[in-house]
Amino acid sequence: MPLNPTRSAAFALVSAVLERHRALDEALDALPARIEPRDRAAAHRIAAAVLRRLGSIDAVLEPYLRREPSPPALQALRIGAAELLLLGTPPHAAVGNAVALAPKPFAGLVNAVLRKVATEGPAALEGLDAARLDTPPWLWSAWHAAYGPKVRAIAEAHTRPAPLDLSLAPGAAAPEGAELLPNGTARLPAGTRITEIPGFADGGFWAQDAAASLPARLLAPRPGQRVADLCAAPGGKTAQLVGMGAAVTAVEKEAARANRLRENLARLKMEAEVVVADVMPWAAERRGGFDSVLLDAPCTATGTIRRHPEVPHLRRVRDVAKLAATQAALLEAAAGLLAPGGRLVFATCSLQPEEGEAHLARAASLGLRAEPVRAEEVPGLEMALTPEGALRTRPDLWGEKGGMDGFFIARFTRD
Ligand SMILES: C[S@@+](CC[C@H](N)C(=O)[O-])C[C@H]1O[C@@H](n2cnc3c(N)ncnc32)[C@H](O)[C@@H]1O
């Protein structure tokens, strides 16, 4: 069977993540330009299935392998197994394409193993503890310590692809067929491509998980207020704040990401001041200069595994403390930007308490007073309020509607 462009792109994506530790979006951007959007999307779907269910896939393959084959042969096997077990590809196509991907000396092995997997089919997954197998042990332990038995529901939520969530520009209607969630997000089924939704170019909506829309809602600046949106790209929260009528300064340190933010604002026909800078030195020169500050700090992103299934394969336990220290420094810089009486919302898309709840204790020493979130501000999410009045969302919340990303969000006022 000749090499199929979708499968060779999927092979490039899986290899980039598992062997060269690249983020999946970065690997997608690095695919050759000649690969058609349709092939890219299909390759993304295959690679995401491999990464999301890697532990389960390897558990099915393992009994057929006397020793671990070379990485390229292993990735071909994983892609073939994902197609057979999870994606409903006809067996002859799944096996033939995987054999074509494998290095020549391993073609016979890949063929023999996948034929055996094909004989069993998706039933091979029955009886496996997918939640455990597909979660690295350090994450399971950390979530068990933080959330008790809910760790299983969190891990199970990660085995399914996330729906497409849209935030709507002021006055824009939800696209046809979307479910309107209690927080105002318009939700479409997983696999929907945003660029193919009628009206995309007109700028009535942008992609943003339901939970990711909460920090800007809770900041709720008044029209004309000066707002600093720190760590801003690709700009989902910037767009919300501009939509509320605030005068927004969006600060982002990566020039390429700032460009993406500018492109997104241009499509939405929105305006903000976009600054390419590191928040730390930038904030030091603008003390007291803003009415409100939104800090969406860089984090391990373990709350976004449904959308970024490579995260468990790239993050290590040591990253948590390192990023928590960065977040603490950024929180101090952000607090300094506030005029007296100003409001600050701090958010991370992590499920690790070190990157969320642990920051509350330090905030008081920065002159920040907690301003608890009220239940009526977050309809349908009362269960996500913490005793301190912060918000802790998890991927298993709103599970019957398709879940949401895991975020920690806290609000403060400057004395
Ligand atoms: C979680 S993402 C932000 C998502 C964004 N707020 C949104 O809603 O679309 C974090 C961003 O912070 C940027 N960043 C990380 N450290 C920074 C720093 N010290 N100064 C400015 N930007 C930073 C990263 O490049 C990344 O784009």
Side-chain angles (χ1 to χ4, degrees), residues 23 25-26 29 165-167 169 183 185 194 205-219 221 227-244 246 248-268 270 272-286 290 292-305 307-308 311 314-315 319-320 322-337 344-352 355-356 359 393 404-409:
D25 284 347
E26 212 181 291
D29 286 346
D165 280 359
L166 303 175
S167 284
N183 67 316
T185 290
I194 190 170
F205 51 81
W206 61 96
Q208 185 173 46
D209 183 88
S213 76
L214 299 171
R217 282 173 188 277
L218 294 173
L219 191 65
V227 178
D229 178 14
L230 307 179
C231 304
K237 298 175 189 72
T238 314
Q240 284 179 285
L241 298 166
V242 173
M244 293 173 195
V248 182
T249 302
V251 186
E252 166 58 48
K253 81 170 175 188
E254 306 250 350
R257 290 179 62 84
N259 280 340
R260 192 162 283 188
L261 188 157
R262 287 193 188 96
E263 285 162 20
N264 287 338
L265 290 179
R267 180 180 68 82
L268 299 169
M270 289 181 172
E273 183 190 7
V274 179
V275 178
V276 181
D278 184 326
V279 163
M280 302 296 290
W282 183 86
E285 291 175 11
R286 289 161 183 83
F290 289 87
S292 295
V293 173
L294 195 159
L295 172 58
D296 187 19
C299 65
T300 54
T302 54
T304 69
I305 290 173
R307 298 184 187 283
H308 300 288
V311 165
L314 301 184
R315 291 301 186 192
D319 296 330
V320 177
K322 211 166 120 195
L323 282 154
T326 302
Q327 292 149 15
L330 285 166
L331 182 60
E332 185 170 355
L337 282 172
L344 183 145
V345 167
F346 168 86
T348 52
C349 57
S350 166
L351 288 169
Q352 317 312 119
E355 300 183 88
H359 289 299
T393 65
M404 61 171 56
D405 282 353
F407 263 77
F408 175 80
I409 307 163

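Indexing begins at 1, ligand by ligand and atom by atom, following the structure's order.
- Residue Val274 forms a side chain to side chain contact (heavy atoms under 4.5 Å, CB included) with just one option from Leu261, Val251, Thr249, and that option is Leu261.
- Atom CZ of Arg267 has more than 12 heavy atoms from other residues, nucleotides or ligands within 6.0 Å.
- Annotation: ligand 1 has protein neighbours Cys231, Ala232, Ala233, Pro234, Gly235, Gly236, Lys237, Glu252, Lys253, Glu254, Arg257, Ala277, Asp278, Val279, Asp296, Pro298, Leu330, each with a heavy atom less than 4.0 angstrom from the ligand.
- No side-chain donor-acceptor contact under 3.5 Å links Thr300 and Asp319.
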Open item on the list: I'd like to know whether Asp165 forms a side-chain hydrogen bond (donor to acceptor under 3.5 Å, both in side chains) with Thr185, so could you lay out the CA-CA distance, the side-chain angles of the two residues, the decisive distance to 0.1 Å, and finally the verdict.
Closed with: CA-CA 6 Å; Asp165 280 359; Thr185 290; 5.2 Å; no
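- For Asp296, the salt bridge (Lys or Arg N to Asp or Glu O under 4.0 Å) test picks out Lys237, with sequence neighbours left out.
- With hydrogens and angles left out, the side-chain atoms of Ser213 and Gln208 include no donor and acceptor closer than 3.5 Å.
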